[in-house]
Each structure stands twice: as structure tokens, then as C-alpha cells.
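Remember, it's a predicted structure, so these values are computed and weren't measured experimentally. When reading the values below, keep in mind they use all heavy atoms of this one structure, side chains included, and skip hydrogens, waters and symmetry mates.
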Amino acid sequence: MHRGARAGIASRNNKLDFGDFGLQVLDRGWLSANQIEAARVAVTRHMARRGKVWIRVYPDKPYTKKPLETRMGKGKGNVEGWVAVIRPGNMILEISGCPELVAREALSRAASKIPFRCRMLSRH
């Protein structure tokens with residue numbers, strides 16, 4: 001798969017659709033599967049099985065890397081991992097079924113695992 005363009009702002013996946021609180025990204029880039037999983041673990045550990053968590057991004061883009069000390073040419077490298085393309089306005093996570101203080105702390109822990117500037121949204 002090509003690298004593709006990351007221009008523009010998110011026209012889809014930019015509102016709260018499932019939960020009461022959400023984490024919205026303000027920058028653009030690639031979010032790896034490991035970073036998404038780290039954010040998910042941070043949220044679910046803090047919420048201690050209260051409430052529900054929705055992950056709104058999916059890493060469906062493979063990125064490749066050639067081995068170290070390899071000469072130019074000889075084709076494309078092997079798949080190194082999977083990433084999700086992130087544009088400003090994308091929702092990363094949504095939470096419901098917990099008090100606002102718990103949700104705010106859980107989302108701030110998730111934001112610390114994500115390499116972009118984020119903000120928290122709520123329905124209220």
C-alpha cells in the first residue's frame with residue numbers, strides 16, 4: 001500500500017456517536033496498533049471494569065521497512081506493522097457508564113499514550 005495523503009480534516013468519525021465522553025485528536029499522522037492498544041489498556045485499567053469503551057480507529061494500513069544495512073533497490077521491504085491514518089478531528093476513544101471525573105482521568109491517561117495533541121469531549 002502507498003503512503004497516501006493525510007491532508008484535510010476529518011469529515012467522518014469526528015463526533016461522539018456511542019459514548020458520553022470521547023478523546024479527539026488535534027494533529028495529523030499515523031497511529032500504530034501498539035499505541036492504540038496502550039491507550040485502550042490505560043483506559044480499561046483506570047475504569048476497573050465500570051462502563052463501556054469504544055475504539056473508533058482501526059490500524060488497516062501496513063507500513064514496510066527494509067532491513068538495516070541493505071543497499072538501495074531490490075524491491076519493497078517487509079511489513080513492519082500496521083497503522084491508522086489520523087486527521088485533525090478524529091475520535092480515538094469513547095467512554096460511557098462512568099462518572100465524569102473517572103472518565104476525565106481515564107482519557108487523560110490514554111492521551112499520554114498517544115503521540116498527538118488531544119482534547120476531551122462530552123455530551124453534557
Side-chain angles (χ1 to χ4, degrees):
M1 185 180 278
H2 292 292
R3 288 180 183 269
R6 297 174 309 189
I9 59 173
S11 58
R12 289 188 276 263
N13 186 18
N14 57 2
K15 296 183 185 68
L16 283 170
D17 290 332
F18 302 102
D20 298 327
F21 308 98
L23 192 65
Q24 189 178 42
V25 173
L26 303 174
D27 295 330
R28 73 182 71 246
W30 285 352
L31 192 62
S32 73
N34 293 340
Q35 291 163 343
I36 296 169
E37 177 65 9
R40 183 198 68 81
V41 168
V43 167
T44 53
R45 285 231 175 108
H46 183 72
M47 288 175 59
R49 290 195 298 274
R50 293 177 304 216
K52 187 155 173 51
V53 178
W54 288 270
I55 301 170
R56 297 289 308 275
V57 292
Y58 188 78
D60 56 354
K61 183 185 196 73
Y63 75 92
T64 61
K65 189 175 179 187
K66 298 191 73 149
L68 289 175
E69 300 179 5
T70 305
R71 294 187 179 188
M72 293 283 103
K74 305 266 193 295
K76 198 167 172 69
N78 296 324
V79 172
E80 186 77 10
W82 296 83
V83 295
V85 177
I86 302 295
R87 292 183 176 90
N90 274 134
M91 297 297 292
I92 300 283
L93 294 164
E94 292 189 29
I95 294 176
S96 71
C98 64
E100 184 172 359
L101 285 173
V102 174
R104 194 170 288 279
E105 177 63 25
L107 289 176
S108 73
R109 289 181 185 209
S112 70
K113 308 290 183 191
I114 293 173
F116 305 119
R117 290 180 305 127
C118 300
R119 71 177 175 188
M120 186 183 139
L121 298 180
S122 68
R123 281 197 198 277
H124 314 305

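Once rounded to the nearest 0.5 Å, the distance linking OG1 of Thr44 with CD1 of Ile95 reads 9.5 Å. The line from CZ of Arg104 to NE2 of His46 is 12.0 Å long, rounded to the nearest 0.5 Å. With rounding to the nearest 0.5 Å, the separation of CG in Leu107 from CD in Glu94 is 10.0 Å.
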Only pairs under 3.5 Å count here: list side-chain donor-acceptor contacts from residues 110-120, not counting sequence neighbours, and write none if there are none.
residue: Ser112; atom: OG; partner: Arg109; partner atom: O; Å: 2.6
residue: Arg117; atom: NE; partner: Asp27; partner atom: OD1; Å: 3.2
residue: Arg117; atom: NH2; partner: Asp27; partner atom: OD1; Å: 3.0
residue: Arg119; atom: NE; partner: Gln24; partner atom: OE1; Å: 2.7
residue: Arg119; atom: NH2; partner: Gln24; partner atom: OE1; Å: 2.8

Could you pull out every donor-acceptor pair under 3.5 Å between side chains of residues 77-88 and any protein atom, sequence neighbours left out?
residue: Arg87; atom: NE; partner: Ala7; partner atom: O; Å: 3.2
residue: Arg87; atom: NH2; partner: Ala5; partner atom: O; Å: 3.1

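Cluster partners of Phe18, using a side-chain heavy-atom cutoff of under 4.5 Å among ILVMFWY residues and allowing indirect links, are Trp54. Under the 4.5 angstrom side-chain criterion for Ile, Leu, Val, Met, Phe, Trp and Tyr, the cluster partners of Met91 are Leu16, Leu121.
No more than 12 heavy-atom neighbours from other residues, nucleotides or ligands sit within 6.0 angstrom of CD1 on Ile9. Within a 6.0 Å sphere centred on CZ of Arg123, heavy atoms belonging to other residues, nucleotides or ligands number more than 12. Heavy-atom neighbours of Lys15 NZ from other residues, nucleotides or ligands within 6.0 Å: at or below the threshold of 12.
Taking Arg28 as the reference, nothing meets the side-chain hydrogen bond (donor to acceptor under 3.5 Å, both in side chains) condition, with sequence neighbours excluded. Listed by chain and number, the residues in a salt bridge (charged side-chain N to carboxylate O under 4.0 Å, His left out) with Arg50 amount to none (sequence neighbours excluded). A search for side chain to side chain contact (heavy atoms under 4.5 Å, CB included) contacts involving Met1 returns Lys61, Pro62, not counting sequence neighbours. Here Arg71 pairs with nothing under the salt bridge (charged side-chain N to carboxylate O under 4.0 Å, His left out) rule; sequence neighbours left out. Remark: Asp17 engages Arg56 in a salt bridge (charged side-chain N to carboxylate O under 4.0 Å, His left out) (not counting sequence neighbours). Checked against side chain to side chain contact (heavy atoms under 4.5 Å, CB included), Ser11 has no partners two or more places apart in sequence or in another chain. For Asn34, the side chain to side chain contact (heavy atoms under 4.5 Å, CB included) test picks out Ser32, with sequence neighbours left out.
Judged by distance alone, with hydrogens and angles left aside, the side-chain atoms of Lys66 form no donor-acceptor pair with the main-chain N or O of Met72 at under 3.5 Å.
Residue pairs that meet the ring-ring contact (aromatic ring centres under 6.0 Å, His included) test with at least one member in residues 20-45, sequence neighbours left out, are Phe21-His124.
Contact detail for Ala106 and Met47: the closest heavy-atom pair is CB-CG, 4.1 Å. Of all heavy-atom pairs spanning Ala10 and Gly89, the tightest one is CB-C, 4.0 Å.
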